[in-house]
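Quantities reported herein were computed from a predicted structural model and do not represent experimental measurements.
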Amino acid sequence: MATKDWAQLAASPLLWTSVTLAAYLAAVWLYRRSGGNPFLVPVLTAVMLVVGVLLASGTPYAVYADGTRLLGFLVGPATVALAVPLFGQIARLKAIWLPLCIALSVGSTAAIGSAVGVAWAMGGSLETLMSLAPKSATMPIAMPVAERFGGLPALAAVAVAITGIVGTIVSRPLLDLLRVKDPAARGFAIGLTAHAIGMARELQSHPGTGAFAALAMGLNGIATALLMPLAVVCFQAFGWL
């Protein structure tokens, strides 16, 4: 294919949208064939496939991002649609709202504090600390929050992705080891720590668990945005900033 023809094809949204969907379908197929191997989480595998295609073709990320705007637009309606499975759990939600609020407070605080504490102990700069602090929030919230407090949005995005992938890999074995069987508890814990990536897997396996994972993801995003100013004051008092 001529260079000019490839440049025109690479600029087409149809190409990169198709590549992304094909990579995800292949990743889902591989995940199912492996019997649900946690190291073959579809998001991780699909990302590796897409990155491989971009590197092999020499395509800049900006071109890929521009070609997948439609998928980015669909994130909004998909997020709103998460209210559907949650509505089916409304009676259970009313009964356990207090434990959920406590878990949210503890989980959000621990996520921010542990990230900043570890990065500070390893000599991280202020930019690094503020980029890692909102790592457990979903990416559309974590990136602007990190930027607001002097962090790097790109580094925050990487931290969020790594947190989600690692959280998804270790969550089920850890919860099984702790003998946590209740779908609400499992889902809320996974959504709180592994946000959208963990939630997506739970929605595929159990509607109840997925519903509470979606709830935790949304609430933790809000809690992270609200807790960050207080956290910064506390970190300054401890001498971390």
- Scanning both residues in full, the closest heavy-atom pair of Ala46 with Ala27 reads N-CB, 3.7 Å

- Going from CG on Leu132 to CG on Leu155, what distance comes out if it is rounded to the nearest 0.5 angstrom? 5.5 Å

- With a 4.5 Å limit on heavy-atom distance, are the side chains of Arg172 and Arg186 in contact? yes

- Which heavy atom in Gly191 sits nearest to a heavy atom in Ala216, and how many Å separate them? C-CB, 3.7 Å

- Hey, any chance Val51 and Met48 share a hydrophobic cluster, counting ILVMFWY side chains that come within less than 4.5 Å of each other, even indirectly? yes

- Query: So Val53 and Trp16, side-chain contact (heavy atoms from CB on, under 4.5 Å) or not? Walk me through it.
  - Reply: CA-CA 10 Å; Val53 172; Trp16 296 115; 3.8 Å; yes

- May I ask whether Val158 and Met139 are part of the same hydrophobic cluster, defined by side-chain heavy atoms of I, L, V, M, F, W, Y residues being less than 4.5 angstrom apart, directly or through others? no

- Should we say atom NZ of Lys181 is surrounded by more than 12 heavy atoms from elsewhere, each under 6.0 Å from it? yes

- Message: Please find the pair of heavy atoms, one from Gly67 and one from Thr17, that lie closest to each other, and give the distance.
- Response: O-OG1, 3.1 Å

- Message: If you apply the rule side-chain contact (heavy atoms from CB on, under 4.5 Å), what do you find for Val43 with Arg201, and how did you get there?
- Response: CA-CA 9 Å; Val43 172; Arg201 186 182 67 171; over 6 Å; no

- Apart from Leu174 itself, its cluster of hydrophobic side chains linked below 4.5 Å comprises Leu175, Leu178, Val180, Ile190

- Message: To the closest 0.5 Å, what do you measure between CE (Met217) and CD1 (Ile222)?
- Response: 10.0 Å

- Message: I'd like to check Lys135 versus Ile162 (side-chain heavy atoms, cut-off strictly below 4.5 Å). Are they in contact?
- Response: no

- Item | Gap separating the OG1 atom of Thr68 from the CG atom of Leu15, nearest 0.5 angstrom | 11.0 Å

- Can you see which heavy atom on Val145 is nearest to which on Pro134, and at what distance? CG1-CB, 4.2 Å

- Message: What I'd like to find out is whether the side chain of Tyr64 reaches to under 4.5 Å of the side chain of Val50, using heavy atoms alone.
- Response: yes

- First locate atom CH2 of Trp120, then atom CG of Leu126, and finally report the distance between them rounded to the nearest 0.5 Å. 14.0 Å

- Task: Flag yes if Ile141 and Ile112 sit in one hydrophobic cluster, no otherwise; membership is Ile, Leu, Val, Met, Phe, Trp, Tyr, and two members link when side-chain heavy atoms are under 4.5 Å apart.
- Result: yes

- Task: Please examine the side chains of Leu192 and Ser108, heavy atoms only from C-beta on, and report whether any two atoms are closer than 4.5 Å.
- Result: yes

- Say whether, by atom type as modelled, one donor and one acceptor occur between the side chain of Thr168 and the main chain of Gly198 under 3.5 angstrom. yes

- Query: Leu100 and Leu104: same hydrophobic cluster, using ILVMFWY side-chain contacts below 4.5 Å?
  - Reply: yes

- Query: Taking a hydrophobic cluster as the set of Ile, Leu, Val, Met, Phe, Trp and Tyr residues connected by side-chain heavy atoms closer than 4.5 Å, whether directly or through intermediates, do Leu44 and Val47 fall within one such cluster?
  - Reply: yes

- For residues Leu49 and Tyr24, determine if any side-chain heavy atom of one lies less than 4.5 Å from a side-chain heavy atom of the other. no

- Evaluation steps, side chain to side chain donor-acceptor pair (under 3.5 Å), between Thr128 and Ser125: CA-CA 5 Å; Thr128 301; Ser125 64; 3.1 Å; yes

- List the steps and the verdict of side-chain contact (heavy atoms from CB on, under 4.5 Å) for His195 and Asn220. CA-CA 8 Å; His195 44 76; Asn220 188 44; over 6 Å; no

- Report yes if the side chains of Ile169 and Val41 come closer than 4.5 Å at any heavy-atom pair, otherwise no. yes

- Query: Which atom pair, heavy atoms only, marks the closest approach of Val170 to Pro173?
  - Reply: O-CD, 3.4 Å

- What closest approach, in Å, do Met143 and Ala156 show between heavy atoms, and which atom pair accounts for it? CA-CB, 4.4 Å

- With a 4.5 Å limit on heavy-atom distance, are the side chains of Asp182 and Phe212 in contact? no

- So Ser136 and Thr224, side-chain contact (heavy atoms from CB on, under 4.5 Å) or not? Walk me through it. CA-CA 8 Å; Ser136 292; Thr224 299; 5.8 Å; no

- Close side-chain approach of Thr45 and Tyr31, heavy atoms under 4.5 Å: no

